[in-house]
Enquirer: 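Below are the structure tokens for one structure; questions will follow.
Note that the structure is a prediction, hence the values are computed from the model and not measured. Only this structure's heavy atoms are used, side chains among them; waters, hydrogens and symmetry mates stay out.
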Amino acid sequence: MPELPEVEVVRRGLERWVCGRTVAAVDVLHPRAIRRHLAGPGDFAAQLVGRRLGAARRRGKYLWLPLETEGPTGPDRAILAHLGMSGQLLVQPHEAPDEKHLRIRIRFADDAGTELRFVDQRTFGGLSLHDTVPGDPEGLPDVIAHIARDPLDPAFDEAAFHAALRRRRTTIKRALLDQSLISGVGNIYADEALWRSRLHYDRPTATLTRPRSTELLTHIREVMNEALAVGGTSFDSLYVNVNGESGYFDRSLDAYGREDEPCRRCGTAMRRRPWMNRSSYFCPRCQRPPRPHAAS
DNA sequence: CAAGGCTCCTGATAGC
DNA sequence: TGCTATCAGGAGCCTT
């Protein structure tokens with residue numbers, strides 16, 4: 001499932017293969033893939049044709065491709081992409097057969113011989129076009145202005161993150177998955193970082209000391225950077241990078257998906273608990289549940 | 001406003 | 001064999 005490292009791999013692929021190319025034609029093959037573009041598929045295509053794409057950017061799990069400005073008037077625009085659970089952005093030769101779940105095809109006005117394809121089995125992801133936040137140096141699309149900076153962003157505000165954890169009345173894994181507090185962390189890397197930090201997923205955020213939240217952030221960054229170094233995590237063929245190659249980080253996971261397998265620190269059988277309509281994996285010995293306490 | 005639950009979707013897999 | 005139930009889960013939206 002694409003979380004920050006996987007999305008960053010895709011961003012780099014777009015940077016290499018799509019940046020600077022001019023859109024010639026757009027085919028929307030499934031309306032759900034364009035549902036966040038409220039003006040509809042026809043408008044999406046009409047707005048894109050003839051526009052040159054700028055350098056791909058990313059915040060958390062969101063990607064965007066700025067449209068290079070045509071003239072002095074009008075707001076800057078960008079193609080916003082989210083991969084959802086199963087989305088892929090593939091650069092394919094024109095002659096490659098259509099993927100079973102091909103949703104959007106973008107052709108370019110050059111003779112490079114390749115096109116950009118958005119393929120998505122479960123259709124949680126999609127593309128859309130948006131104005132960018134006025135004056136924002138990164139050209140952040142306005143609809144994701146509420147998404148927090150991610151832990152690999154040099155401008156991520158660690159002190160503010162810690163203060164928010166102390167202020168919130170919630171638990172640590174919920175906070176890690178809240179993209180308005182910290183972005184880019186999904187279920188897999190949350191479990192990995194909590195295991196490395198020996199923190200139980202139900203630990204109230206208000207109990208974390210500054211050293212503990214700093215340590216947690218360090219583990220988040222480490223696990224993400226390790227995944228990035230090997231091209232991301234993939235359990236099946238659903239996630240591939242922009243060239244269609246899978247990542248290999250799943251071989252290095254310490255917590256996620258390891259129910260009944262021995263903890264790599266202490267040997268205790270790892271456990272899985274249903275949690276928020278998904279699962280949490282943890283070591284019952286290294287990651288002790290928080291002590292229940294009376295409400296104050 | 002914050003917190004937490006619901007919902008969208010398809011395919012693999014388990015169980016009967 | 002073939003059916004149904006379950007699970008995977010990001011994030012917008014809704015309720016409390």
Side-chain angles (χ1 to χ4, degrees), chain A residues 1-8 10 28-38 58-64 80-89 98-104 118-128 130 140-150 160-161 163-192 194 201-207 224 232-240 246-247 249-250 253 255-260 271-281 295:
Chain A
M1 331 300 161
E3 298 181 28
L4 186 152
E6 293 75 29
V7 177
E8 174 60 16
V10 173
V28 176
L29 295 107
H30 194 300
R32 197 174 141 79
I34 212 85
R35 68 193 181 285
R36 292 188 188 92
H37 189 81
L38 301 178
R58 182 190 55 73
R59 176 172 291 190
K61 304 168 200 170
Y62 282 96
L63 280 170
W64 67 95
L80 181 65
H82 197 290
L83 302 178
M85 288 184 59
S86 54
Q88 306 169 29
L89 281 165
D98 285 5
E99 290 75 11
K100 182 175 179 188
H101 302 292
L102 177 61
R103 309 304 192 193
I104 299 167
F118 179 70
V119 177
D120 189 10
Q121 177 204 109
R122 294 174 204 170
T123 66
F124 276 46
L127 305 185
S128 47
H130 304 279
L140 187 73
D142 55 11
V143 293
I144 60 164
H146 65 291
I147 300 293
R149 291 185 184 275
D150 61 64
F161 177 67
L165 291 183
R166 299 291 307 206
R167 200 184 316 122
R168 288 282 181 120
R169 290 298 173 263
T170 189
T171 52
I172 187 58
K173 189 170 168 184
R174 282 180 180 278
L176 291 181
L177 297 186
D178 183 340
Q179 306 295 301
S180 68
L181 288 180
I182 180 172
S183 68
V185 182
N187 201 40
I188 297 172
Y189 293 105
D191 279 2
E192 292 303 308
L194 289 170
Y201 57 89
D202 264 343
R203 166 77 90 94
T205 57
T207 68
M224 285 182 166
T233 300
S234 176
F235 300 97
D236 48 38
S237 58
L238 283 183
Y239 165 74
V240 287
S246 298
F249 191 67
D250 54 308
L253 294 176
Y256 187 86
R258 298 196 66 243
E259 183 180 19
D260 296 333
R271 291 200 182 141
R272 178 176 72 89
R273 287 280 177 280
W275 183 86
M276 272 178 75
N277 285 326
R278 57 199 75 181
S279 293
S280 273
Y281 296 88

Enquirer: Could you check whether D191(A) pairs with K173(A) (Lys NZ or Arg NE/NH1/NH2 to Asp/Glu carboxylate O, under 4.0 Å)?
Expert: yes

Enquirer: Using the closest heavy atom to pick a nucleotide of DNA chain B for each, name whichever of N277(A) or T170(A) lands nearer the 5' end.
Expert: T170(A)

Enquirer: Under the side chain to side chain donor-acceptor pair (under 3.5 Å) test, which residues partner T123(A), sequence neighbours left out?
Expert: R32(A)

Enquirer: Who are the side chain to side chain donor-acceptor pair (under 3.5 Å) partners of R203(A), not counting sequence neighbours?
Expert: T207(A)

Enquirer: Taking the axis from the first five pairs and the axis from the last five, what angle separates them in the helix from dA2(B)-dT16(C) to dC16(B)-dG2(C), rounded to 10 degrees?
Expert: 50°

Enquirer: Pick base, sugar-phosphate or nothing for R167(A), based on heavy-atom distances below 4.0 Å to the nucleic acid.
Expert: nothing

Enquirer: With E99(A), which residues qualify under side chain to side chain donor-acceptor pair (under 3.5 Å), at least two apart?
Expert: Q92(A), R117(A)

Enquirer: Identify the 5'-most and 3'-most nucleotides of DNA chain B with at least one atom closer than 4.0 Å to a non-hydrogen atom of chain A.
Expert: dA3(B) to dG11(B)

Enquirer: Between W275(A) and D202(A), is there a side-chain heavy-atom distance shorter than 4.5 Å?
Expert: yes

Enquirer: I'd like to check V185(A) versus M224(A) (side-chain heavy atoms, cut-off strictly below 4.5 Å). Are they in contact?
Expert: yes

Enquirer: Ignoring hydrogens and geometry, is there a side-chain-to-backbone donor-acceptor pair from S183(A) to A148(A) under 3.5 Å?
Expert: yes

Enquirer: Each nucleotide in nucleotides 10-16 of chain C should get exactly one letter: B, S or -. Can you fill that in based on protein heavy atoms under 4.0 Å?
Expert: BBS----

Enquirer: In plain terms, say whether R168(A) and D178(A) are close enough for a salt bridge, that is, a side-chain N and a carboxylate O under 4.0 Å apart.
Expert: yes

Enquirer: Measure from the side-chain N and O atoms of Q179(A) to the backbone N and O of G60(A), and report whether any donor-acceptor pair falls under 3.5 Å.
Expert: no

Enquirer: Please determine which of H82(A), H130(A), H146(A) meets the ring-ring contact (aromatic ring centres under 6.0 Å, His included) test together with Y62(A).
Expert: H82(A)

